[in-house]
Amino acid sequence: MRLINRFLLLVLMLTCIAILLFMASRSEDKQLMGTLIDRVNTNRKVVALTFDDGPTPEYTQELLGILKAHDIKATFYLVGKVIERNEDETRAILNAGHEIGNHSWSHPRMVFKSQQFIANEIESTDKVIRAAGYSGVIHFRPPFGKKLVALPYYLNKTNRTSITWDVAPERRLGDMATTEEIVEYTLANTKPGSIILLHVMYPSRKNSMQAVAGIITGLQAEGYEFVTVSELIKR
Ligand SMILES: [Zn+2]
């Protein structure tokens, strides 16, 4: 009986530890080491619009068209192996004057991975971003926002800043969110210095793509200026 109790206690403890590790790994505003920025403290109405994944041939031009029509600059966290496949789309983003960041080579969950694995994922992606002709600072955004020990350790060691977000309509509302809901949530939750996360590079994210214009005009009507993440940090 006593043995069973001890066993149950152990299982309970391990479960608690697993839950805590899981919560820590997906925290949007905390990281064990190094610099993580989820928003910038400012009174000025500046905001950064960020797009994760891609650049896919199907959706890059459409998104660039929307950003150009509203004359704003955004920040793109691109996946290394997708950059390698889609050089034209990468250059189009770069030539339009947007900021490019590193979103890993193969978009893995970067927890419980070796330093070598993490180094490969990050360095090879920086390399293809540079090969495309990008000369700005390259920040890192962890795939799925996941990080625990090894990834922050490597980022800190190599002096890289992690960028997450404080406004993530798709993560909060779920996959079934309508365009109106995405716009409404974003307008309601954006504050001066916010970093907004959107995914528009897939067929399943049509509602997000259609929300981009509404988010821009809605926030501009409230007096917001759109800047890249690097500019946001500078201010
Ligand atoms: Zn991603």
Side-chain angles (χ1 to χ4, degrees), residues 22-31 34 36-39 48-60 62-64 67 74-86 89-90 92-94 98-113 117-129 132 134 138-148 150-152 154-155 160-177 182 185-186 194-209 211-212 215 228-230:
F22 175 75
M23 284 164 60
S25 77
R26 70 192 306 265
S27 165
E28 290 164 6
D29 61 352
K30 280 174 204 68
Q31 179 176 287
L36 178 140
I37 293 174
D38 66 323
R39 53 167 286 104
L49 193 50
T50 71
F51 298 96
D52 276 13
D53 308 342
T56 58
E58 296 84 359
Y59 299 99
T60 301
E62 184 179 350
L63 176 60
L64 288 177
L67 298 176
T75 304
F76 289 73
Y77 294 97
L78 303 178
V79 176
K81 69 176 183 187
V82 186
I83 294 176
E84 196 181 43
R85 273 203 303 269
N86 302 310
E89 286 72 19
T90 307
I93 294 170
L94 203 152
H98 301 292
E99 178 169 332
I100 294 180
N102 181 328
H103 195 38
S104 82
W105 184 260
S106 62
H107 208 280
R109 284 183 164 75
M110 292 172 93
V111 290
F112 307 118
K113 296 284 197 296
F117 176 88
I118 289 166
N120 285 343
E121 284 282 331
I122 294 178
E123 301 300 341
S124 53
T125 303
D126 265 17
K127 212 182 256 177
V128 288
I129 292 174
Y134 184 74
I138 302 176
H139 295 128
F140 182 76
R141 174 166 279 170
F144 310 102
K146 298 282 277 183
K147 69 246 156 297
L148 260 180
L151 175 60
Y154 187 80
L155 294 169
R160 287 176 162 92
T161 300
S162 291
I163 307 292
T164 52
W165 52 80
D166 67 324
V167 184
E170 299 147 334
R171 281 171 80 97
R172 291 293 175 274
L173 302 170
D175 293 339
M176 303 302 285
I182 294 170
Y185 176 92
T186 307
S194 277
I195 298 175
I196 301 168
L197 163 67
L198 286 174
H199 298 78
V200 300
M201 293 283 181
Y202 311 108
S204 59
R205 298 293 191 174
K206 281 214 161 61
N207 289 350
S208 293
M209 180 72 92
V212 174
I215 288 170
T228 61
V229 164
S230 288

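Every number for a ligand or one of its atoms is a count from 1 in the order of the listing.
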Exercise. Considering residues at least two apart in sequence or located in another chain, which fulfil the side chain to side chain donor-acceptor pair (under 3.5 Å) criterion with Thr56?
Worked result: none
Exercise. Who pairs with Arg171 by side-chain contact (heavy atoms from CB on, under 4.5 Å), at least two apart in sequence or on another chain?
Worked result: Arg26, Glu28, Trp165, Ala168, Leu197
Problem set entry | Note, Phe22 side chain near Lys146 side chain (heavy atom, < 4.5 Å) | yes
Exercise. Looking only at heavy atoms, which two atoms of Met110 and Phe140 are closest? And how far apart?
Worked result: SD-CZ, 3.8 Å
Exercise. Near Lys81 NZ, under 6.0 Å, is it more than 12 heavy atoms from other residues, nucleotides or ligands?
Worked result: no
Exercise. Partners of Phe144 by ring-ring contact (aromatic ring centres under 6.0 Å, His included), sequence neighbours excluded?
Worked result: His107
For this session: Using a cut-off of 2.8 Å, count how many protein N, O or S atoms are strictly closer to the Zn ion (ligand 1).
Result: 3
